[in-house]
Amino acid sequence: MKKIILKAINYVLSTDKSADGYIKLGSYLFSIPNVYNRPSLNRKAHQLLFQGFTNSQIIPYLPKRIWPFWVYTQNNPSHPHFSGGQQAFVQLNHTHRNWTHLSYPGCEAHGIIDPFGLVTPTDNGWSLDMWVANSTNLISPSQLTAVSQELEDGHSVVKTGFQLLNVTINATTFLKPIQKGEPQIFHKVTLQNTSSSPVKLSFFFAIRPYNPEGISPISSITYHSSNAFVINNRLGLVLDQKPQNIVCLNAKEGDVSERYNQCEMILGSKCSQNLCSAIAEYRITLDANQTKSITCKLPTLKNNILNAFQDYLPPAKQHLLKKRIGAASSLKFESEKQTAHTLWKGIESTLFSIALADKKIETLFLQNRAHLLTFISPTHLTSGAFSHTQPNLLNHVLGISALHVMGSMELSQKLIVNVLHSKEWRPFIPKESMDKMGQIIYLIHHHFQFTKNQKFLDFAYPFVENEVKMIEKVMFKSKQTNPLRGLIKRGLSPDSTGDSDDYLWHNFWSLYGLRTAKILSEKCFKTKNKQIISDIESLLSTAIRHFASMLSSQFKQSPFLPVSPTRGIDPNLIYNLISIWPLDLYDPHDPVVTQTLSHIESYFLSDGLYFSPLGQCGFSPFLNTILAMVYLKRHDSKAMHILKVLTQSGTQTGSFPDAIHPKSGGGMSGDGHSLLSTASMIHLIRSILIQEDNGKLILTPMIPSEWLNHETVVNVKNAPTIFGPIHFSLIKKAPQIFELTLKTEFHTKPSEIILRLPVPIVCYNLDGQTYKVSNKKEFSLPLGVERIEIECR
């Protein structure tokens, strides 16, 4: 009973409310400075602190062991990416938080692989490494600098390669669901002797008590006679070839990276310090130019082998375990890979595809198109493999809208329906999440724009009505003199790092929701609702303008869009640019937008990119996409600079973290492969090729002039727009002469189709007639034109 009480006390003391209480008590008794009221630490913050503390208590004291690759760069004073600014009691990976998400469209299971081939099959769990040793040295790819990685055929099959001891080593890894079976991560390592003499070596599959974030506990490892490992009471690894040696060690006995050549056949280990490690050794002789392969599977189910009070495995469970191992062993790597390849080709055949003069951007788009599909679980979008295990509505907004521009309409509709019925956001919207009301309407409207599916809209309109009621409910109904009158009641800051306040971010989402609801009420013939919604929208729109003007005077600035009454110009100012993209609430050249942009450029840009010092610190691909989209709408070439820098910051597989480190170019914070960043890159690349603006369709709104030096400048297929699908290409026929071909399948005719080029246009030729353009960089195409020749200067 005493233990239960102590656990209960410890639980209460560890909660956010208790921590807040201690801070407030300390401020009162000991005058601890408290400039801003401290926001509660969220679950991820607690997790990061615990991870950093655990890393700092173990990694620095064991420098001879093999660790994830970031340890060798971040902790090396002579390395350019050395990071000595961390506190001694917290050590986190904040220079190379990069990995690639392993999953399959519609599959709940997921894992990750880091840029050096370290595979982690479960959330925040242990990892599988690959080591090579000769008679004197043991080497892990994490200790090397020349390691390559790519997506095979642009799909989610990750190939990692490196050269070692005259041997070329390639690892191929992918996750695939199995019909009537558990999803598996398939892992194949191929070793090829590139020398003219025989090579003897040992290859190891190494089970490691860490992942790319640092230490991850392994309390027990047991080798099963059927060539499998049970790790932390779960089936963790199934080997397809029988190893020559198995070694399992605990912390007291040492680490297998230090004793790999000193032990034989230790088949199990338990560790009270949760630092078990193990190796499966293959002793290999490779003749000149000979190749050998070793394969394994990593099951992804999280089922425990033993129940809580069992010390041994009963016969029935032994049989079940053998059956699971047998099922995994029966799966053949090459046939499963070929099946996955065929299925991927079928999925991608109807999606938006591009061929560009810039092959880096072309590849990046196709990689992120594949990545986005791997973030789709059966019911929602997974925000990230590690850091965002809970669904996030903003991530759904960007992710589902990216599915729309990719052409995956049926899939996006299923996800929206799941959002509408999700208990995560319905029926009660928490006060700190006022933006969610407008975001739900955004999803419905965006889908309708691209599909014109009236049946879906009729189904979804009751949800729109409910969101309008919620918006009206949380608006300030105070006296006419109250400056907050008409605004949405206060909530948390967009990045959840600040106090509850009256942020314009929430009001912009709500204003968009009201304006869109007014449009949708007409589409659903709800004429009574239109006037009600119009009145609420007018009140909120006026309130925002008045509020912004009043606060601009208070902060002694020209009219701009301040963060909140207490935070005029701070890093969260960037979030107000959602009023331009994706919400289109203001003209991009509106003076308040120009002034807001000027403040952001004056205080928060580094090398032309927005750097966030709050929340997820670093260059955020999402926030920089917002900035680039504003530049695009203002016809400002700074957008291309942002795209260029972000393009150089992706991994070799095209994955992007939540935030990028300004020096290392690796992930600085958040998830190492982020849904939000993936969707942002799809939107940004698409927007330099296609743009819809005030009823107009703009082709190539901003492409670099150097692209015009290539034969194929742009080739776009199956590109959805809010007017209907289009296909077009821009081909160089002769110096300064280009041919545009355009095929459209409009369900709604645009008011104008505009072609914009980075150089002055002299004239265009249509049906044998020449039309002058007066050296402008854009001109309006005749509706219905399919082929046109353009002469540029």
Side-chain angles (χ1 to χ4, degrees), residues 98-103 105 113-115 117 146-161 170 172-174 340-341 344-345 347-375 402-403 405-408 619 621 624-625 628 639-657 660 665-667 672-690 700 702-704 706-719 727-731:
N98 300 95
W99 44 82
T100 300
H101 186 235
L102 297 173
S103 192
I113 181 169
D114 86 348
V147 177
S148 64
Q149 197 170 72
E150 64 179 2
L151 287 186
E152 279 195 2
D153 298 328
H155 302 314
S156 61
V157 178
V158 180
K159 185 176 180 180
T160 309
N170 287 298
T172 306
T173 313
F174 64 95
H341 174 80
W344 269 103
K345 282 293 186 182
I347 292 171
E348 295 183 328
S349 61
T350 59
L351 298 181
F352 175 24
S353 64
I354 60 174
L356 305 177
D358 189 320
K359 294 304 174 185
K360 175 69 175 175
I361 294 179
E362 174 189 324
T363 301
L364 196 61
F365 178 84
L366 298 177
Q367 287 173 329
N368 279 272
R369 189 184 68 175
H371 288 320
L372 182 63
L373 294 172
T374 67
F375 283 105
L403 286 174
V405 301
M406 281 169 42
S408 187
F619 293 128
N624 277 288
T625 291
M640 291 306 300
H641 172 74
I642 293 174
L643 176 59
K644 181 179 179 180
V645 176
L646 289 178
T647 299
Q648 295 168 348
S649 301
T651 67
Q652 295 178 71
T653 63
S655 66
F656 286 86
I660 300 164
H673 189 180
S674 162
L675 164 67
L676 201 59
S677 298
T678 297
S680 296
M681 293 307 299
I682 290 172
H683 280 293
L684 183 52
I685 294 172
R686 188 253 189 190
S687 292
I688 69 169
L689 306 175
I690 303 168
T700 61
M702 188 171 289
I703 60 173
E706 53 266 29
W707 287 18
L708 301 181
N709 298 326
H710 296 258
E711 181 178 347
T712 299
V713 181
V714 173
N715 188 15
V716 169
K717 295 180 181 179
N718 301 322
H727 319 260
F728 74 92
S729 64
L730 185 65
I731 308 295

Is any side-chain heavy atom of Thr647 closer than 4.5 Å to one of Asp358? no
Over 60° means perpendicular and under 30° means parallel, so tell me whether Phe375 and His101 are parallel, tilted or perpendicular. parallel
What one should report as the nearest heavy-atom pair of Asn715 and Lys717 is ND2-CE, 4.0 Å
Between Thr374 and Leu102, is the side-chain contact (heavy atoms from CB on, under 4.5 Å) condition met? List the steps. CA-CA 7 Å; Thr374 67; Leu102 297 173; over 6 Å; no
Steps toward side-chain contact (heavy atoms from CB on, under 4.5 Å) verdict (Ile682, Met406): CA-CA 8 Å; Ile682 290 172; Met406 281 169 42; 3.7 Å; yes
So, for Ala628 and Ala639, which heavy atoms are closest and what is the spacing to 0.1 Å? O-CB, 3.4 Å
Is it the case that over 12 heavy atoms from other parts of the model lie below 6.0 angstrom from the CD atom of Glu711? no
Donor-acceptor under 3.5 Å (Thr700 side chain, Ile703 main chain): no
Looking at every non-hydrogen atom in both residues, tell me the closest pair between Ala679 and Ala402 and how far apart they are. CB-CB, 4.0 Å
Trace of the side-chain contact (heavy atoms from CB on, under 4.5 Å) decision for Trp99 with Val158: CA-CA 11 Å; Trp99 44 82; Val158 180; over 6 Å; no
Just do the side-chain contact (heavy atoms from CB on, under 4.5 Å) check on Val157 and Thr173 with the steps written out, would you? CA-CA 6 Å; Val157 178; Thr173 313; over 6 Å; no
Heavy-atom side-chain contact between Asn624 and Leu643 under 4.5 Å: no
If you take all heavy atoms of Met702 and Met640, which pair is closest and at what distance? O-SD, 3.5 Å
Atom CD of Gln652 and atom OG1 of Thr363: how far apart are they, to the nearest 0.5 Å? 12.5 Å
Between Arg686 (side chain) and Ala719 (backbone), is there a donor-acceptor pair under 3.5 Å? no
Of Ile731, Leu356, Ile690, which meets side chain to side chain contact (heavy atoms under 4.5 Å, CB included) against Val714? Leu356
Would you mind reporting whether Leu351 and Asn718 have side-chain heavy atoms less than 4.5 Å apart? no
If you round to the nearest 0.5 Å, how far is CG of Leu364 from NZ of Lys360? 6.0 Å
How are the rings of Trp344 and His155 set to each other: parallel, tilted or perpendicular (split at 30° and 60°)? parallel
Using side-chain heavy atoms (C-beta onward) and a distance below 4.5 Å, is Ile660 in contact with Leu646? yes
Between Glu348 and Ser353, is there a side-chain heavy-atom distance shorter than 4.5 Å? no
What distance do Ile113 atom CD1 and Thr160 atom OG1 have between them, rounded to the nearest 0.5 Å? 4.0 Å
Please answer whether the main-chain N or O of Glu150 pairs with a side-chain N or O of Gln367 as donor and acceptor at a distance below 3.5 Å. no
Rounded to the nearest 0.5 Å, what separation is found between the OG atom of Ser677 and the CG atom of Leu684? 11.5 Å
4.5 Å side-chain heavy-atom contact, His341 and Asp153: yes
Rounded to the nearest 0.5 Å, what separates atom CG in Asp114 from atom CD in Gln149? 7.0 Å
Please round to the nearest 0.5 Å and tell me the distance separating atom CD1 of Ile688 and atom CH2 of Trp707. 4.0 Å
Thr678 side chain to Asn368 main-chain N or O, any donor-acceptor pair under 3.5 Å? no
Any side-chain heavy atom of His371 within less than 4.5 Å of one from Leu151? yes
Over all atoms of both residues, closest heavy-atom pair of Ser156 and Ser103: OG-O, 3.8 Å
